[in-house]
Amino acid sequence: MNETTEIKTWDKAYSPKDVEARWVNHWAQSGIFNSHPDLNQEPYSLVIPPPNVTGALHVGHALNNTIQDFLARLKRMSGKDLCWVPGTDHGGIATQTVMEKILKAENTSRVRIGREAFTQRMEDWTLHCKETILGQLKKLGCSLDFSRESFTMDEKRKAAVFEAFKKLWDDGLLYRGERLVNWCVRCGTALSDIEVEHEERKGNLWHIRYPEASGGPGLVVATTRPETMLGDVAVAVYPEDKRYRSLIGKKLRLPLVNREIPVIEDGFVESSFGTGAVKVTPAHDPNDFEMGLRHQLPRIKVISPSGKITEEGGLYAGLSREDARKKIIQDLEFQGFLEKTETHPHAVGICYRCQEIIEPLLSWQWFVKTKDLAAGALKTLENNQFKIYPASWKEPYRNWLLDIRDWCVSRQIWWGHEIPVWYCLKCNAISKDSSFHQIPNLRGVVSREKPKACSVCGHLELIQDPDVLDTWFSSALWPFSVFGWPEKNQDLQRYYPTQILVTGYEIIYLWVARMQMMGLYLTGKVPFSEAFIHGIIRDKKGKKMSKSLGNVIDPIEMMDKYGTDALRFSLISQARPGKDILFSEDSLIAGRNFTNKLWNTARFALMNAVAPEELGTVPNFQLEAADVWILSEYQKMILSVQEEIEIYNLANATEKMYEFLWDEFCDWYVEIAKLRLQGADLRAKKTAFRVLITVLNGVVKMLHPLMPFVTEEIYSVLKTWDTEPADFLMNSRFPNVPEIKITEETQKGMSALIEAVKSLRSLRAQLGISPGLKIPVICQSEDAAETNFLKENLLYLAALAGGREISFLSSKRESLPTKAASTVTPHFTFYVPLEGLIDFKKESERLKKELGKVENDLGKLSQKLSDPNYLSKAAMEEVSETRFLQDTALSKKARLEELIKVLA
RNA sequence: GGGCCGUUAGCUCAGCGGUAGAGCGCUGUCCUCACACGACAGAUGUCAGAGGUUCAAAUCCUCUACGGCCCACCA
């Protein structure tokens, strides 16, 4: 397609930089990434997991998108009308946190600049990030339909969010209620259950005495959170616990606070843990909250949303959680209530975005009722309408859906979809500055626009719920919102549902499950019928990559250094199903080398090319054994690659292509073909080149989804010989399996030839014969078929093993060469008469060592074959295979013994 | 506390019932006319440990040890 890629200008070493930049542009200009809804092709669609607009892409994104691009290009090459939708996610808390850091660096803050200005800053930042991210995706070679770029908070997606919210509301699946939620004190917002991570931390178990109000000794409670005692309303013990039975119903005096609280009985308490007595703080502990409901206990809030002790905390009011704990322990100790302090490591909940310790806090939030939604998702999982690869993720996914709890979707942050609910200030008796999540029983109306007046009292002042939705709420709608849902348009009809979703396992519940639930509920369809779950990328030592640890690898830097194809190769070949990738820069070397190998293979082919018009005039090609052999190996390779791709084992598919190109095609076929390609026989040359170009062209096509740049560059020249040339590789067809039949004779002959070459090369190396020196070879064999094959392909043996004057001994009765080094293969004995070069003592030792090995093998084989159980129970093929191996070993042994005898 | 996964060559990983493999690294020879990001020849493993099933086990089963991950309200 372009003149700049003349073979003359091709470097010995492939240099990716210019090539890549050029193709990124060509592809973009040609519009081949765009979908073609009008074509008479079967659609195949997928949506990008939209990266958060928090900065630049990392290696994890590179892996995720390389896998998708692999599939996208592959499916196009299988004739699908492909639609891969790009986009980004506003990223809620995560992005807001990034901006807060920026503001802090500017010596200001979110609160100081105010909501409006803050939102403006976020929008500017978003634009900037989008540009970076999309640019990086292009550089990675991603064949996304960039004309469809979406953002989770753009106008169309806003419409989808409103529609979803409204429908959930109308169907009674959305409610505002007071719950004990996971509250991040730093972010100042509620989080859903799955946004809380658990981390084992060192801690203490403090034993505190609660005396009886009447003056008795009372009992001792054990707690990890002494500061919550300010909000204690009871102490619970196990009903049957003899130690405390007499205290049940009595009053205790709460130390420091002097409140009287009852001793209650509750089956929840484990008598064996701690002291067997549990302090009950319904406002600040999930278990206690439940107990509070069972026993109708009051809730005393002693910790505020900012993490400080409230007025209820009396003396301690205004202290932070941490300071309050210290002071309370001190005071308890001083007043003699602290009985014991034990170290007690336990898991604490931390915010998945800022790692701050989560505070269970009572507040009014919006929740999605999930039971029914999950039931739908479970059903499609059971009947295989939705499949997960690798299947090992099916059970965890299923269990999560079975155990699902209501989804807290409101967030007290500024960056996100505003909740489309309006409250009348008058009816609700509230003001603009109210802390909404602390106000009970608000009455609101769902509306996208501000209602003109309150429908109940006609008051004109209405205020929108100040909270925003969980960022995963809009993410859950992504597979259909990107096509314009709730509009009923052509795009949606053609490309929805999508075929596959590619993502990492860390967001199976946060995202995959929610898309399934919402997709089924809102569209009645499984949003994607398959999920391809990959691992996450860690550093060399297995640690998660993070900026704070300083162990991140920048994909762009790697692309610049080794080439994008090398990066893609490296990522895919390490992406074993269900496994994380321990990624280091070293792993790019193999990719770079392979890219270069492919490049040079093409270079070789083109340097020895026969022009297409000339090639075309040859009526029939004279295929030689090696031609048939490589075509048949090529055939096998295509089939096995297809099988691996079928089960989404891209690493194995990659490995198969790698091995074929390097080990079979380059190391054997190309070397064999050289003789003809560089020889005088034009007809032979044409045949060899035809085979060479056919296989190479096919391999280049197959490798395109993996390494789009180098293959496209090569193909731009190679396509002259393509029988169905395409403008771009992506628009060509994945190669057909060639219809070639290889005879058993040829197959065996080629194996024998390869064996012979290897054996002679090894002999040369052991004798220290310099590579340039041609050696005379005498071949002896009783095997007529193999001998004939070798005779017919003698030139190849000579060329590959560096032999000359190769002669044959027709039978073993002829006198054997005495002054020669020798080597035996299953079919042949080779003599290399090189008097003067050979130390016969050493030679004899070498042969004896070889004999030792054969005898060892033989021992094992004979033992096997002398076992009657083996003979009667093992499969027929297995036994005959062993017999064959035994025969071969016996023959080798006899010949080696003879050689040793002759030398002695 | 439940569940899942892993433990194979120095490192990262394949193999998952028939005599141990790859990439990188390592050793030796070669700058041989596609490629030194290369060619050729090599070295390297009681396949975590112990039992069991089987004619046969790295591969299947059980237990143990050590890693890792997910879920979970033991104060």
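By convention in this document, chain letters (A, B, ...) are assigned in the order of the sequence lines, proteins followed by strands, and residues within each chain are numbered from 1.
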(message) Reading RNA chain B from 5' onward, which residue's closest nucleotide shows up sooner: A:Asp580 or A:Gly274?
(response) A:Asp580

(request) Between A:Ser770 and A:Ala13, just flag the one whose closest nucleotide in RNA chain B comes earlier from the 5' side. (result)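 Upstream on the strand: A:Ser770.
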
Identify whether any heavy atom of [X] sits under 4.0 Å from a base atom; if not, whether one sits that close to sugar-phosphate; answer base, sugar-phosphate or nothing.
X: A:Val280; answer: nothing
X: A:Arg592; answer: base
X: A:Tyr509; answer: sugar-phosphate
X: A:Gln678; answer: sugar-phosphate
X: A:Asp667; answer: sugar-phosphate
X: A:Ala222; answer: base
X: A:His344; answer: sugar-phosphate
X: A:Asp867; answer: sugar-phosphate
X: A:Tyr658; answer: sugar-phosphate
X: A:Lys12; answer: sugar-phosphate
X: A:Arg398; answer: nothing
X: A:Ile508; answer: nothing
X: A:Thr601; answer: base

How long is the line joining [atom1] of [X] and [atom2] of [N], in whole Å?
X: A:Ile589; N: B:C24; atom1: CD1; atom2: P; answer: 9 Å
X: A:Glu342; N: B:C74; atom1: CD; atom2: C1'; answer: 14 Å
X: A:Ile572; N: B:A14; atom1: CD1; atom2: C1'; answer: 16 Å
X: A:Asp193; N: B:A72; atom1: CG; atom2: P; answer: 7 Å
X: A:Trp511; N: B:C70; atom1: CH2; atom2: P; answer: 19 Å
X: A:Phe665; N: B:C35; atom1: CZ; atom2: P; answer: 16 Å
X: A:Phe604; N: B:A39; atom1: CZ; atom2: P; answer: 14 Å
X: A:Leu205; N: B:C74; atom1: CG; atom2: C1'; answer: 11 Å

(message) Let's test your reading of the pairing rules: Watson-Crick or G-U wobble, both distances under 3.5 Å, then write RNA chain B as a dot-bracket string with ( ), [ ], | and dots.
(response) ((((((((.[[[[.)..(..]]]].(((((.......))))).....[[[[[..)....]]]]])))))))....

Among the nucleotides [options], which one has an atom lying closest to any side-chain atom of [X]?
X: A:Tyr870; options: B:A14, B:G18, B:C35; result: B:G18
X: A:Lys873; options: B:C55, B:C35, B:U19; result: B:C55
X: A:Val269; options: B:A34, B:U12, B:A75; result: B:A75
X: A:Lys758; options: B:C40, B:A41, B:A14; result: B:A41
X: A:Tyr505; options: B:A72, B:C69, B:U12; result: B:C69
X: A:Phe273; options: B:A75, B:C35, B:G18; result: B:A75
X: A:Ala875; options: B:U29, B:A75, B:G18; result: B:G18
X: A:Asn869; options: B:A34, B:C55, B:C40; result: B:C55
X: A:Cys666; options: B:C37, B:A34, B:C69; result: B:A34
X: A:Glu655; options: B:A14, B:A41, B:A75; result: B:A14

Can a donor-acceptor pair be found between the side chains of [X] and [Y] at a distance below 3.5 Å?
X: A:Tyr562; Y: A:Ser570; value: no
X: A:Glu195; Y: A:Ser192; value: yes
X: A:His207; Y: A:Glu342; value: yes
X: A:Tyr238; Y: A:Arg243; value: no
X: A:Thr281; Y: A:Lys279; value: yes

[atom1] gap between [N] and [M], integer Å:
N: B:A43; M: B:G23; atom1: P; value: 15 Å
N: B:U27; M: B:U19; atom1: P; value: 33 Å
N: B:G6; M: B:U12; atom1: C1'; value: 14 Å
N: B:A39; M: B:G51; atom1: P; value: 46 Å
N: B:U62; M: B:G10; atom1: C1'; value: 33 Å
N: B:C40; M: B:U8; atom1: P; value: 30 Å

Distance check: side-chain N/O of [X] vs OP1/OP2 of [N], anything under 4.0 Å?
X: A:Trp662; N: B:A34; value: no
X: A:Arg405; N: B:C73; value: yes
X: A:Lys674; N: B:U32; value: no
X: A:Asn593; N: B:C24; value: yes

(request) In sequence, state the C-alpha distance, the side-chain angles, and the governing distance for A:Glu878 and A:Lys873, and then conclude on salt bridge (charged side-chain N to carboxylate O under 4.0 Å, His left out). (result) CA-CA 10 Å; A:Glu878 163 58 24; A:Lys873 291 188 179 171; over 6 Å; no

(request) Would you check if A:Arg225 and A:Asn204 make a side-chain contact, meaning some heavy-atom pair closer than 4.5 Å? (result)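 With C-beta onward as the side chain, the pair stays apart.
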
(request) Taking the side chain as every heavy atom from C-beta outward, state whether A:Leu582 and A:Asp539 have any atom pair closer than 4.5 Å. (result) no

(request) Examine A:Tyr389 together with A:His534 and report whether their ring centres are nearer than 6.0 Å. (result) no

(request) Apply ring-ring contact (aromatic ring centres under 6.0 Å, His included) to the pair A:His344 and A:Phe273, showing each step before the final yes or no. (result) CA-CA 12 Å; A:His344 177 70; A:Phe273 185 87; 5.6 Å; yes

(message) Can you tell me whether the side chain of A:Lys597 and the base of B:C35 have a donor-acceptor pair closer than 3.5 Å?
(response) yes

(request) Over 60° means perpendicular and under 30° means parallel, so classify the ring planes of A:Phe594 and A:Trp662, tilted if in between. (result) parallel

